Amino acid sequence: MSDDGDQPRLLVAEDSISFLMLLHAWWAEWAAFSCFREYSMWVFTPLAIVFILPILIILLIYMSILFLHVYKRKNKLREALLSDNFWDGARKTLAILWEGHGAIWHGYEICGMEKIPNEGAALIVYYHGAIPIDYYYFLANVFIQKGRTCHSVADHFLFKIPGFKLLLEVFSVFHGPQEECIRALQSGHLLAIAPGGVREALFSDKTYPLLWGKRKGFAKVAIAAKVQIIPMFTQNVRESFRSLGTLRFFRWMYDRFRLPIVPVYGGFPVKLCTYLGDPIPYDPDVNADELAEKVKQAVQALIDQHQQIPGNILRAMLERFHTRQQR
């Protein structure tokens, strides 16, 4: 009888042990999953951040476009639409926004602003970063400090991006036929060109090579318009945003199909300082090949003087705490 009475208790005990073992196994699996989740967040959160920040820049550009559309619709009078200074209020507002962003996020400065003429034409030739955020800040500062709109030459693909048409129109950006460039300079405007273009933006790297190839169209434009050329380079621009253009697949895609689909990451708050070199005056005795090489050497000299090679993101961030540059 005692054996029969103990058997139910034994079964209950065995069931309890099985349940506890199952609970323990479930808890161990949950703990392992939690550890894996925490580890994954630790690994992938920084990666997510560096890819999200470029998207935020794109959103800021689209916010600028939205503002322009709102501004345009607020002023419906035809005479205002035909006025030469119709967009000045919008340009100034956006310039202040971009200038503030540059000052806060990058401690942005320009060294040599006095070399930009207060009036009259000049051709500015600059190194192209993965995302030319420095050039946006430069345009904003030129408009605020000089009261001048700098015309810009951009790649054809930029004009195919939905929604960009109004922004490009208001800020005098065009795809750059030489005749149009010459016309802008002969009209007394500032004009900026990056001879390296998309190729330099996507496939240059932290050693800052100039990928100009044999391009000399900008030199022909300067000679035809009889204007000075101002070389320009921004320190640490390659540390702000970087591209994966060093991977062969993306280089092959661009060379084969001319598709600028190289992923860009970054948005790091590095120190950015734009340096303007001494103007190269018009010389009727210098041909396009000689002038193009002279300008290339001038931009390279700015890189050699102001950029530590190879570029380093951490070092560039720490430079935010250094003594401010002499303007």
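Nothing here was measured: the structure is a model prediction, and the numbers come from that model.
For the pair Gln300/Leu210, a side-chain contact is recorded, criterion being any heavy-atom separation below 4.5 Å from C-beta on. For the pair Ile131 and Ser240, the minimum side-chain heavy-atom distance is 4.5 Å or more. Leu190 has its side chain out of reach of Leu123: every pair of non-hydrogen atoms, C-beta onward, lies at least 4.5 Å apart. For the pair His189/Thr149, no side-chain contact is recorded, criterion being any heavy-atom separation below 4.5 Å from C-beta on. Residues Ser187 and Leu185 have side chains not in contact (no heavy-atom distance under 4.5 Å, counting atoms from C-beta outward). Asn141 has its side chain out of reach of Tyr136: every pair of non-hydrogen atoms, C-beta onward, lies at least 4.5 Å apart. Side-chain contact between Tyr282 and Val227: absent, with no pair of heavy atoms (C-beta onward) separated by less than 4.5 Å. Residues Trp212 and Val125 are in side-chain contact: their nearest non-hydrogen atoms beyond the backbone lie under 4.5 Å apart.
Under a 3.5 Å cut-off, the side chain of Ser172 and the backbone N or O of His151 do not form any donor-acceptor pair. Between the side chain of Trp98 and the backbone N or O of Phe138 there is no donor-acceptor pair closer than 3.5 Å. Proximity of a side-chain donor or acceptor of Lys206 to a complementary backbone N or O of Ile309 within less than 3.5 Å is not detected. With hydrogens and angles disregarded, a donor-acceptor distance shorter than 3.5 Å links the side chain of Asn287 to the backbone of Glu290. Looking only at distances, a side-chain donor or acceptor of Lys115 sits under 3.5 Å from a matching main-chain atom of Leu276. Of the possible donor and acceptor atoms, none in the side chain of Glu99 sits under 3.5 Å from a partner among the backbone N and O of Ile144. Checked by atom type and distance alone, the side chain of Lys271 pairs as donor or acceptor with a backbone atom of Gly107 at under 3.5 Å. With Arg258 contributing its side chain and Tyr254 its backbone, the two residues share a donor-acceptor pair below 3.5 Å. Side-chain atoms of Glu200 come within 3.5 Å of backbone N or O of His128 as a donor-acceptor pair. For the pair Arg91 (side chain) and Val170 (backbone), a donor-acceptor distance under 3.5 Å is present.
The two atoms that bring Pro269 and Met317 nearest to each other are CG-CE, 3.9 Å, heavy atoms only. Contact between Leu191 and Ser152 at its shortest, heavy atoms only, is CD1-N, 4.1 Å. Nearest heavy-atom pair, Ile133 versus Leu272, reported as atom, atom and distance to 0.1 Å: CG2-CD1, 4.1 Å. When all heavy atoms are compared, the tightest approach of Gly277 to Leu302 is N-CD1, 3.9 Å.
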May I have the step-by-step check of side chain to side chain contact (heavy atoms under 4.5 Å, CB included) for Ile124 and Ile193, ending in yes or no?
CA-CA 6 Å; Ile124 301 166; Ile193 297 176; over 6 Å; no
Worked check of side chain to side chain contact (heavy atoms under 4.5 Å, CB included) between Glu109 and Thr274
CA-CA 6 Å; Glu109 298 178 88; Thr274 293; over 6 Å; no
Before giving the answer on side chain to side chain contact (heavy atoms under 4.5 Å, CB included), spell out for Trp252 and Arg256 the whole-Å C-alpha distance, their side-chain angles and the decisive distance to 0.1 Å.
CA-CA 6 Å; Trp252 175 83; Arg256 183 70 179 273; 3.4 Å; yes
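For His106, the ring pair (Phe, Tyr, Trp, His ring centres under 6.0 Å) partners at least two apart in sequence or on another chain are Tyr137. Checked against ring pair (Phe, Tyr, Trp, His ring centres under 6.0 Å), Tyr126 has the following partners two or more places apart in sequence or in another chain: Tyr135. Listed by chain and number, the residues in a ring pair (Phe, Tyr, Trp, His ring centres under 6.0 Å) with Phe143 amount to none (sequence neighbours excluded).
Ion pairing between Arg251 and Asp255 holds under the 4.0 Å rule for side-chain N and carboxylate O. Salt-bridge annotation for Arg315 and Glu239: absent, with no side-chain N of the basic residue lying under 4.0 Å from a carboxylate O of the acidic one. Between Arg238 and Asp205 there is no salt bridge, since none of the side-chain N atoms of the basic residue sits less than 4.0 Å from a carboxylate O of the acidic one.
Side-chain polar atoms of Gln308 and Asn312 form no donor-acceptor pair below 3.5 angstrom. Side-chain atoms of Tyr108 and Thr234 include no donor-acceptor pair closer than 3.5 Å.
If you take CG on Leu202 and CE on Met253, they are separated by 12.5 Å, rounding to the nearest 0.5 Å. Summarising the geometry, atom SG belonging to Cys181 is positioned 12.0 Å from atom CZ belonging to Phe218; distances are rounded to the nearest 0.5 Å. We find the CD-OH distance between Gln307 and Tyr208 to be 4.0 Å, quoted to the nearest 0.5 Å. Atom NZ of residue Lys92 and atom CG of residue Leu97 lie 12.5 Å apart, to the nearest 0.5 angstrom.
Only one option out of Ser204, Pro195, Pro231 pairs with Tyr127 in a side chain to side chain contact (heavy atoms under 4.5 Å, CB included); it is Ser204. The residue from Lys220, Lys216, Lys214 that alone fulfils the side-chain hydrogen bond (donor to acceptor under 3.5 Å, both in side chains) condition with Asp289 is Lys216.
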